Undergrad: 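Dropping the structure in here first, questions after.
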Amino acid sequence: MPSLNQPSSPVSRRDFLRSGARIAGMTGAGALLGLMAQRAGAVTHVWQIDPAKCVRCGRCATDCVLEQSAVKCVHTHAICGYCELCTGYFEPEPNALNTGAENQLCPTAAIIRKFIEDPYYEYVIDEQLCIGCGKCVEGCNRFGNGSLYLQVRHDRCVNCNECSIARVCAGDAFRRVPVDHPYLLKTSH
Amino acid sequence: MNSPAHSSRCSRRRFLLRGAAGTAAAVVAGRQRGRTAGSGDTNPYAYSVGVHEKTDPALVKYVERRRIDLPWKEARRLAVTPQGNLLVAAGQRLGEVTPDGSAVREVPMAAPLRCVAVAADGTIYAGFRAHLEVFEADGKRRATWEKSPERSWFTGIAVTDDAVFAADAGARVILRHDLAGQVTARIGERDKDRDIPGFVLPSPYLDVEWHPDGLLRVNNPGRHRVEFYTPDGALEFAWGRPTMAIEGFSGCCNPVNLAVLSDGRLVTCEKGLPRVKVYSAHGDFECVVAGTEMFPENAQAGAGDGFGDGTRASLDAVVGPEDRIYILDTVTAQIHVMERKPTANS
Amino acid sequence: MRARGLFIWIWLLLGLGATVFAAERRFPPPEFETDYVMPVAATPEPRSAAMQYVDLAVLAGGLGLATWLALRRRSRKGLIGLSIFSLVYFGFYRAGCICAIGAPQNVALGLFDNGYAIPFTALAFFILPLAVALFAGRTFCAAVCPHGALQDLILIRPVKVPAWLEAGLGLFPYFFLGAGLLFAATGATFLFCRYDPFVPLFRMNGSFLMVGLGLGLLVLGMFVGRPYCRFVCPYGALLRMAAAVSRWRIRITPNYCTQCRLCEESCPYGAIREPVNLPSTPQALAPDRRRMGRLLVLLPALILATAWLGSRLATPFSKLHPKVALAEAYHAPDRPAAPPPVATPDSLALARADRDPDGLLAEAVAIRKRFRIGGWLFGGWIGLVLGVRLMALSLRPARNDFEPDRSACLACGRCYTYCPNERVRLGLLAPEALPLPPATLAQPPKA
Amino acid sequence: MNDSSQPPPRTPAAEGASLADTLRRLARVAAVFCCLTGGILLVQHYRAREADPFKSTEMAELKRQLAAAPKDEALKQRIRELDLHLRQRYFAHLRRSQAGGWLLLIGLAAGVASARRFRKLREQPHLPAFAEDQAERHLAAQARSRRAAGIMGVATAAGLVALAWGADTSLPLGTAVADGAAAVGEAQPATPRLPDQAAFLANWPRFLGPTGAAVSIHTNLPVRWDLESGENVLWKAPVPAPGFNSPIVWGDRVFLCGGNAERRLVLCYDAGTGALRWQKEVPAGPTVTQKQLKELEETGLSASSMATDGLRVYAVFATGDLAAFDLDGRPVWSKALGVPDDPYGHASSLVTHEGRLLLQWDQGYEEDEVSKLSLLDGATGEPVWETPRAFGASWTTPLIINAAGAGQIVTLGASHVVAYNLADGAERWRVDCVGGELTPSPIFAGGLVLATSPSDRVCAIRPDATGELSEDDLVWTEDEEVPDIATPVANEELLFTLATYGVLVCVDVKTGEKLWDHDLEMECNASPAIAGDRLYVFGTDGQVFVGRAAREFGELAKFEMGEPIHASPAFAPGRVFVRGESTLFALGAGGKSDGSGGGVAE
């Protein structure tokens with residue numbers, strides 16, 4: 001918009017400066033993009049708990065941004081002992097080895113106990129009820145084989161940029177894993 | 001900015017007033033938060049067996065005399081040589097230490113060693129996952145016994161003058177071998193006719209001990225008891241009950257290992273609540289050798305950080321000369337040397 | 001931050017390692033006599049990786065549409081519609097993650113932590129709105145950002161924020177940006193995400209404090225236009241800088257300014273600037289020039305002083321890093337000698353620290369050192385921002401028309417209909433009703 | 001001033017007004033609805049906080065009751081019902097807050113939409129006023145803005161300054177380390193931990209062993225040894241400083257001290273090899289004169305045995321010089337207490353308790369009021385407390401016991417047995433039952449304090465009363481062949497007293513009944529010691545008697561060592577340490593040096 005009446009146009013001078021800055025900005029953004037593109041991952045990452053580092057501090061139940069934590073207990077049956085007296089299922093000194101509420105460890109009764117054959121019992125997690133508190137995990141890990149452990153369930157997790165549980169995890173057990181291998185499951189070998 | 005100064009000032013005042021009100025509301029909300037917060041520093045879901053981690057000092061009749069730091073990783077089991085030295089099954093080696101704790105030697109093995117026993121003549125019987133090997137006292141291999149066809153998982157050996165008893169946790173049986181390695185009897189298998197309920201083993205801890213009174217002692221962790229068998233496999237009697245209280249066996253599957261004192265009394269090792277206790281041969285709780293306080297790391301370790309096969313935190317005990325009890329803590333790889341407290345009325 | 005580095009390698013190791021290291025299998029479960037079939041742990045899949053391309057496409061499409069609607073179509077209604085869509089998609093459906101406001105942190109962490117591979121979506125969310133702002137102004141803020149859309153839609157009765165207050169508070173986003181980048185680059189925490197007031201509302205969940213803050217901002221936002229965007233948003237600070245040099249811009253009038261001043265109160269965000277005449281004599285500019293000169297001389301000193309101040313912040317700032325916080329707690333003089341009878345999260349963390357206190361201390365020291373270096377940069381940035389803002393406030397702009405400030409304009413399009421020329425364009429007013437264009441303009445620009 | 005792509009409404013005014021009213025009403029209703037919903041959610045939030053189903057005290061109480069009455073079926077039923085109720089409430093709460101959130105959202109949307117619409121209807125077109133002097137106002141506005149920006153900058157800087165200088169760090173590092181210099185590994189280790197009770201019992205940390213009753217837990221000790229043939233003699237080491245004090249043992253180290261007028265030494269020997277690990281001189285305090293030193297040399301400068309708490313060793317000499325060293329011989333602190341007024345030279349030995357040092361500093365005569373009992377901080381030597389004692393000089397060692405639920409310090413003084421609180425040094429109880437030149441120390445066995453009145457009687461006192469006790473409160477007394485120098489020894493069952501003229505008497509600890517006596521036919525100053533079921537006795541002419549610590553007399557061995565012995569032995573696993581007049585002997589099975597004894601639990 002050259003002005004005919006004025007000998008020098010501050011507007012055009014400013015426009016020139018602007019263009020320079022814009023080009024500089026674009027160059028900078030381009031350089032950054034080039035630099036980062038080399039490092040950028042083709043896959044996104046999701047949060048997961050390394051069961052070997054989990055210390056069962058209970059913060060998974062209390063610190064998730066979701067009302068009901070995205071962390072749930074999972075059970076690898078292949079390393080379960082199928083104990084009649086399961087320390088992940090029963091209170092430390094159970095009154096009797098039955099499914100009465102007074103004997104159960106789980107605060108939401110999310111573990112289902114089923115008789116298979118003498119002397120073996122199967123334990124299954126009901127994820128609708130599980131709040132991820134890790135109480136059973138500690139019981140199983142302390143005395144048993146550690147077949148119960150906590151994992152982030154990705155059908156629930158909203159994958160925050162910075163996981164609010166990871167920030168306070170007492171065991172520093174959270175890490176980002178590639179989205180195509182989203183679980184750190186215990187296996188039988 | 002073009003509005004008259006009056007109106008601008010007026011709106012500014014209004015703005016400031018509203019801003020102040022908003023700030024006050026935020027402060028009140030913050031205060032409220034401050035009052036109700038503070039539950040974050042405890043774990044409302046803590047699993048606690050704390051009361052059982054403390055042992056009544058009056059029950060502890062042993063005192064720790066020495067603690068040996070083993071130079072080897074993955075120490076699993078102990079045995080005592082006729083000279084009174086200690087053999088340690090540690091990873092892929094067999095180590096020997098003096099009772100003072102100085103390492104004498106180590107013999108490399110082809111596979112992780114899971115159990116070891118020494119005969120009176122010094123012959124060493126070593127158990128691997130699915131087979132047994134026999135070594136001379138100097139560590140030279142004498143024989144490799146045939147690989148067991150079953151899904152074997154050897155976890156304990158006891159030796160007599162004419163037989164070798166091997167506890168196979170995988171097959172849930174005690175195999176009696178002659179000295180040439182032939183299986184001559186199967187003991188403890190589930191058998192309704194002989195009233196043998198069978199071993200319940202959620203994890204590979206099956207130990208067998210022999211005593212000159214002629215009975216084999218075998219732990220049955222899933223049933224929380226110790227069973228006594230004749231060498232022919234007849235179940236003579238059994239005792240033990242599940243409870244975290246000191247007189248019973250804690251957790252899902254204890255005791256994990258056994259040792260026998262010279263008069264036939266039994267030393268039992270537990271995991272989870274790591275503790276070592278002495279029972280009379282008939283199951284009367286006598287005293288505590290070492291309470292959970294002595295093994296804090298072991299108590300915390302649980303099933304974490306496995307030896308590659310998922311086992312990790314357990315205790316093993318052997319009885320040495322003068323009925324001294326050596327306790328191996330598999331987590332710290334230390335041997336605790338325990339001696340009876342000197343009291344006149346004991 | 002965490003040794004999340006190399007997780008690809010960890011995966012490789014886990015994959016191969018299954019045969020190399022963990023050759024031993026675990027003790028097998030019992031053999032069942034009945035025909036019991038062992039269940040296998042279910043592994044619900046995360047949101048499909050392909051969906052991130054959808055996010056990206058929505059972002060790109062939204063940006064293009066918003067730019068078109070604001071600059072070409074000049075449609076406030078269209079922008080409202082797009083705002084609602086963005087609010088629903090990026091806000092309530094994507095629950096605020098992924099989000100351009102948080103993306104600079106990912107970039108900073110990716111730049112300084114070799115172990116962190118930044119997801120390309122985060123990179124795109126960082127770059128795209130910025131690139132658009134370089135050319136077309138803050139159209140991202142107008143209708144694509146869910147935070148902006150929410151606040152824009154909630155505005156009922158705007159109160160004018162005095163220009164001086166806006167100038168003062170408007171510095172905060174720059175400071176916040178500097179701090180957030182510092183904390184992200186050192187791997188301490190993602191400050192923008194942590195103190196994001198609206199994401200808890202999108203998720204309908206969150207800490208009491210943050211939900212309260214979000215609701216408070218919403219109520220405030222009914223009367224003060226976009227309080228978060230103007231006085232907090234760190235990504236807004238970046239966009240502000242980009243938009244300052246943008247190629248195209250929002251114009252109130254589609255044709256020429258009649259100097260009717262009908263639009264002067266129309267912007268709820270205080271972005272409209274009135275015409276300023278150059279003083280008649282060059283002498284009148286002298287005080288401005290002197291001040292400018294003084295500021296130019298003072299600027300390096302100011303930057304140095306604040307940079308030094310920034311470097312002194314390493315100790316308090318580094319405590320936000322979990323590792324340093326743990327080391328601090330471990331070495332605290334009042335650390336309880338014995339763990340409590342029932343383990344607490346803190347006692348468990350301290351027990352972890354106890355396993356390798358020297359390693360932890362070394363890490364904490366290294367992190368603090370990074371904070372010291374970063375603190376110099378952060379402090380210098382604060383001084384720079386302050387100095388440049390003071391200088392900018394000393395410049396005397398030459399403006400003939402009522403026009404929106406390039407940086408402050410959020411491209412919401414509210415001012416359009418106030419312009420009689422726009423009404424002419426829309427056919428609501430006869431062209432004859434307008435005064436002629438000012439004589440200074442030879443040719444009115446085309447719309 | 002609102003968003004409108006439409007011109008202001010062209011509808012008739014009345015119609016517009018009625019629509020505006022409706023909208024206003026709608027907005028108000030929505031606002032009230034939102035406030036209500038929000039309020040309910042808030043209340044719910046707090047109620048859920050307070051009545052967290054997983055922290056129900058009612059449930060905890062019921063479970064406690066069940067533990068007490070494990071067979072109570074009704075109780076079980078109540079627990080189950082409560083459990084179901086709590087969990088139902090919890091999940092109902094989850095559903096309610098979710099629904100509440102949506103309701104709030106919908107209400108908010110409706111309210112905002114109608115309020116916006118209402119504002120638009122009510123909007124008055126902006127009528128710009130005529131304004132003059134744009135430039136002037138612009139300049140003023142810019143000046144205000146500059147000020148505001150400046151204030152913002154200053155406020156930010158002030159906040160950052162407060163943050164920077166208000167923060168402190170507990171990381172153990174100097175600025176140099178923080179600046180990135182290496183040497184992180186050299187960070188000061190945390191304070192070393194005091195050894196636990198087991199380690200204390202496994203060692204010989206003071207005169208007469210960990211319990212003060214001269215009882216060792218070690219059993220694998222030799223019955224006899226022969227200095228001529230070297231049988232069961234592990235090593236011999238010369239002791240360059242004379243003294244009547246007895247050796248102490250910690251881990252692989254043996255400590256003793258000694259001295260003459262010229263110098264006083266603290267010596268540390270390797271328990272495995274006998275090598276002198278270190279020796280340190282304790283110089284005389286500034287007030288000690290040569291004349292005093294000469295006089296003290298006559299009676300003995302070093303009769304007090306050392307003590308250790310596992311971190312430091314402590315020694316005191318008759319010169320009144322008290323010194324602390326760490327186990328490697330580095331001086332920790334020292335104190336010059338001044339030469340005590342004591343006709344025979346100071347002889348009370350030191351005692352430690354959980355890192356603290358107990359010092360019985362009796363001297364002069366009753367009326368001098370110069371005696372005191374102090375508990376010192378082992379790390380600094382600063383007194384934790386001090387209690388004056390109205391007694392003259394005595395030569396017994398205090399005893400720390402845990403009885404009647406409290407730590408007590410039992411001492412002898414003049415004619416009394418006096419006990420103090422370990423916690424604060426306040427006197428707890430006393431009984432007038434002893435007398436003479438008090439030399440044998442009190443011991444504690446079978447729940448009884450056994451105090452020896454030299455050549456008079458042994459008194460048994462149950463230490464659970466307070467105040468002044470009478471003769472009637474003595475559980476028993478025994479007055480046959482009572483020693484005047486050697487402290488008796490006792491295990492839980494049997495007490496052995498050893499008279500200076502060599503008569504050994506065995507007494508039942510519970511009843512005081514004498515079980516047997518036996519004349520060993522030797523002169524004895526050293527207190528005997530029990531290890532397992534054996535009793536070790538040493539004579540002043542180097543005789544050794546090893547007998548059974550049993551209800552019947554039994555001799556296991558009797559032989560000569562050839563060097564006068566005045567000190568009580570010390571024990572370690574497999575080893576007996578005996579201090580002769582000028583030699584320290586280590587005696588153990590085999591006589592071969594089987595390695596340094598490392599690895600004792602700490």
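Chain letters run A, B, ... following the sequence lines, proteins first, then strands; residues in each count from 1. Just so it is clear, the structure is predicted and the values come from calculations on it, not from any experiment.
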Undergrad: What's the spacing between Asn43(B) CG and Leu348(C) CG if we round to 0.5 Å?
TA: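 The CG atom of Asn43(B) sits 8.0 Å away from the CG atom of Leu348(C).
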
Undergrad: For the atom pair CZ (Phe27(C)) and CZ (Arg151(B)), what is the distance rounded to the nearest 0.5 Å?
TA: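 One gets 7.0 Å once the value is rounded to the nearest 0.5 Å.
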
Undergrad: Under a 4.5 Å cutoff for heavy-atom pairs, which residue among Pro296(B), Gly50(B), Ser203(B), Pro204(B) has the most contacts with chain C?
TA: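 With the most close heavy-atom pairs to chain C, the winner is Pro204(B).
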
Undergrad: Name the region of Pro29(C), side chain, backbone, both or neither, that has any atom closer than 4.5 Å to a heavy atom of chain B.
TA: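 When you check distances to chain B, only backbone atoms of Pro29(C) fall under 4.5 Å.
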
Undergrad: From Glu31(C) CD over to Arg172(B) CZ, what is the distance, rounded to the nearest 0.5 angstrom?
TA: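 Answer for the CD-CZ pair, Glu31(C) versus Arg172(B), is 8.0 Å.
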
Undergrad: Quick one: pull up CZ in Arg355(C) and CD in Gln300(B) and give me the separation to the nearest 0.5 Å.
TA: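 Spacing of CZ (Arg355(C)) from CD (Gln300(B)) equals 9.5 Å.
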
Undergrad: Quick one: what part of Ala111(B) sits under 4.5 Å from any heavy atom of chain C, side chain, backbone, both or neither?
TA: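 Looking at Ala111(B), nothing touches chain C.
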
Undergrad: Would you call Glu53(B) and Pro341(C) a side-chain contact if the rule is heavy atoms closer than 4.5 Å?
TA: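 They are not in side-chain contact.
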
Undergrad: Which pair of non-hydrogen atoms, one from Ala46(B) and one from Ala343(C), has the smallest distance, and what is that distance?
TA: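 The answer is CB-O, 4.2 Å.
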
Undergrad: What part of Pro202(B) is in contact with chain C, defined as an atom under 4.5 angstrom from a non-hydrogen atom: side chain, backbone, both or neither?
TA: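 It is the backbone, since no side chain atom gets that close.
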
